[in-house]
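Below: one structure, written as structure tokens.
Here is how names work: the chains are called A, B, and so on, in the same order as the sequence lines, proteins then strands, and each is numbered from 1.
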Amino acid sequence: MSGSQEWPKAYEASGVEDKIYASWEASGAFNPDTRSGEPYSIMMPPPNVTGVLHLGHSLEQSIMDTMIRFQRMRGKKTLLLPGTDHAAIATQAKVEKMLMAEGMKDPRRELGREKLVERIREFAEESKATIINQIRKMGSSADWSRLAYTFDEDRNRAVRELFVRMYNDGLIYRGYRVVNWSVKGQSTASDDEIEHVERPAKIYTFKYSKDFPITIASTRPETKLGDTAVAVHPKDARYKKLIGQTFTVDVGAAKPLEIKIIADESVDPEFGTGALGVTPAHSAIDFAMFEKQKAKGEPINLIPVIGPDGKMTQEAGSEYAGLSVEQAREKFVAWLKKNDLLEKEEEIVQSVGTSDRYGDVIEAIPMTQWWLDMNKVIPSRGKTLRDLMREAVVGEHVRITPDRFAKLYLDRVENLRDWCLSRQLWWGHRIPVWYRADEMHVGTEAPQGDGWEQDPDTLDTWFSSGSWTFSTLGWPDKTNDLKTFHPTSFMQMGYEILYLWMMRMILMSEYALEQIPFKDVYIHGIVRDEHGKKFSKSSGNGIDPLDVIEKYGTDALRISILSGTTPGNDSRFYMEKVENGRNLVNKIWNISRFIISTIEADPIPAKTQTLADKWVLQRLTELTKFVTEKLDAAQFSSASEELREFTWTILADWYLEIAKVEKGKTEILQKVLDTLLRLWHPFLPFVTEYIWGLSSKEGKLITATWPKVEVDGMSVAKFEALRDMVTEMRRLRAEQGVEAAKKVEFVFTTSDEFANTVVENLEWVKRLSNASAFERVDAITEGWPVTALGHISVGLNLAGAVDLEKEKAKIEKELADLETYIVSTEVKLSNVDFTSKAPEQVVRSMSDKLEEAKAKRDALKKRV
RNA sequence: GGACGUUUAGCUCAGUUGGUUAGAGCGUUCGAUUCACAUUCGAAAGGUCGCAGGUUCGAAUCCUGCAACGUCCACCA
């Protein structure tokens, strides 16, 4: 043994993990450049620079690193490319909040663009270092030499290039349309950045004026100051004759409103009054009608009555201008009442869109912004971006696990509207467009000449993260990395960013490279607390992964967060799971400690393999096959469960105990430990590497090869019969309350020498009969037959302190169960429908079981 | 309003195309006390797989309906 100092009784993770990580990194194992083999790449979803490591990250890192280590050991040229995300809106919102907490009223105005951006940059750089270090603590074998950032120079170049190409293809356009506007954030938001919240509201039913022919309803009456039409269903008999007419009403706006009655299929005649007041400036659907009318050549007006500051505009009328929307609503309703126009006022529950970062209600406001067109045909492809997004998944070029998410994705693709790209934030990629008087320049570089002003807006943060799979590899240059590692092999993400991110990566990659960004997408759920609640600061249920690592070690955290999870489903996390993981790690440690010392003490291998040897090797072979298949399919939980079963039950509880008796196991123990360390490595990289080092193995485990399936097909039934017999004897002892010191006398016969040795060495067994007298159980007169399984028969000596009555009830119940089983199986087997239709194998195994059950029954019968 | 998910042992969850008498970990009960490991060892108890129908020789698994919980989407005027 390599000295007891290095092999303490319990494994101390905290003392060794950092050193091991440093040694991996120094060895160059993370970097694929020195490796050959089939490329295998995973792009790490870049965590936000503002974030600190949480359990969600821990899960993701565990998934990715387990996969990449597995593939590396299989000899692939593996790249796990790490990075961080500047997270435009999230970061700016956070820093602004911090500055305001320090006493600033309006950081943007007080600091100005340059200084505020600088403050955000400082904060981002600091946080970035933190999160990167935390990811290393998870053991991630990422290639840090390729570390990327969504807001660094290389990524900025890719973003500008993409924007310009899309603009030149006519996919990006500048347009005056209704946007989602956050008053608090003073910026647009995309449809995906809106969170719908249910809340109570009032719906008012009214007319614009006494003689207006149609009644309408609204929860936002103040916007009615900007109404320019009333839409009805074209076939609605009540309103049909009014279609095309225009009515002038005075509701107090700056100018009297000209309300045109228009027909629109999307109006539900059954709903409410069957008529809808159209406010093109402050509703996305109404704006769509506005555009439809324009296209038809029957235009309606558009009157913005709410400004970007969230206050009513001049056009809302002198009485309203400058009021908040709430104040304006009150005033307008009062006016309706006064003029006897209000017919109804009802309480309803309404779902309103709020900004997911600033939290305020999103207003629909018309503005000139930059948009990405989902429906425009790309000249060189003859397809739209929507087509490209659809085809990648419909054709299963991108495979999604679990596949139900593919359906959700496709539904979403069909309903995507044009993507509003421009943000009025300062932290982000500046839009590569310059203006001078009436001129506009769109290019990757600033134009020559004086007087050019760059567009002040920045790009939606998802524009840069959408290009992550290839911008990280050097695009737009045709780099070797790009050729080698794109499309990437495996991508994992939480379902909550499926739309936000996956769609955009597919869009960008298909557009820029005519390639899918990844082949396999693994969707995971949310890590929740033990009660199923989301972890959050406000609920005070946070668990810091770093605390867990400090106390239990990274391996324990990794295995506990991966086990008991299924793709796409949420999982619960609590400390008992980690303790369990820690215990497992410690078990592996002690198994290794024992094996190494056994080998040193008893180095001469036995000449022949015993039944137990054949058994453990066969089970090891099966395990290797199983784990390989499961990891291939990203079924981490079931792979690790099987590994645990082998390690703890098969190896530690049975084989090692037998090895103590049989001796001469050097060769087999070495083989088993070696294979087991390799199989565990992707899950438990630290402890396995540490043991590998202590047992003087060649090289590092991280770059060792994955075990191959060697021999297969050895029968394990004989051994397992023996094992069951031992369990049965133990049960009898336990249930009969046999005192610890007291030996119970068993009689057993077997033709197998091995069984003799093992059973005889159970310290509480006293051999009664002559081992050479291989009598059948029913011939053992002095004993009480316990079991007769296969080639082994065992009896218990009645001279011992055994309470027959106590045991009898149990046996009778078991007999009854057996009888039921036998009868039902016999019925099945005599059923021609079954025997003719079921596969032969099923029928055969059933009749085998029947014979076994009968034998067991006969043995049991002798006891009562 | 639409869609999706979950429902299996006291708890947390597996259960791969339908095929033995449905599994694991934790917890519980009983027993062991250090010869690799008490972060341990041995043994046991515990489930009519949410409910009701259907398909099938055979259903936890497929179909229909219902219920509870959860999630997402939506232009409920």
Quiz item: How long is the line joining CG of A:L651 and C1' of B:rC41, in whole Å?
Solution: 15 Å

Quiz item: Think A:K587 has a side-chain N or O under 4.0 angstrom from the OP1 or OP2 of B:rC37?
Solution: no

Exercise. Would you state whether a donor and an acceptor, one from the side chain of A:E642 and one from the base of B:rA24, lie under 3.5 Å apart?
Key: no

Practice problem: Indicate whether OP1 or OP2 belonging to B:rC13 is found under 4.0 Å from a side-chain N or O atom of A:S637. | Solution: no

Quiz item: For B:rG42, which nucleotide is its Watson-Crick or G-U wobble mate, given both distances must be under 3.5 Å?
Solution: B:rC30

Quiz item: Should A:W7 be listed as having a side-chain N or O under 4.0 Å from OP1 or OP2 of B:rC37?
Solution: no

Self-check item: Over 12 foreign heavy atoms within 6.0 Å of NZ, A:K551
Solution: no

Self-check item: Any A:R572 side-chain N or O less than 4.0 Å from OP1/OP2 of B:rU12
Solution: yes

Self-check item: Pairwise distance NZ(A:K630) to OG(A:S640) - rounded to 0.5 angstrom
Solution: 11.5 Å

Quiz item: Which base, if any, makes a Watson-Crick or G-U wobble pair with B:rA52, both distances under 3.5 Å?
Solution: B:rU64

Quiz prompt | Euclidean distance, atom CD of residue A:E530 to atom P of B:rC13 [Å, nearest integer] | solution = 11 Å

Quiz item: If you pin A:E641 and A:D817 to their nearest nucleotides in RNA chain B, which one's is more 5'?
Solution: A:E641

Quiz prompt | 5' priority, RNA chain B, between A:A10 and A:K849 [closest heavy atom] | solution = A:K849

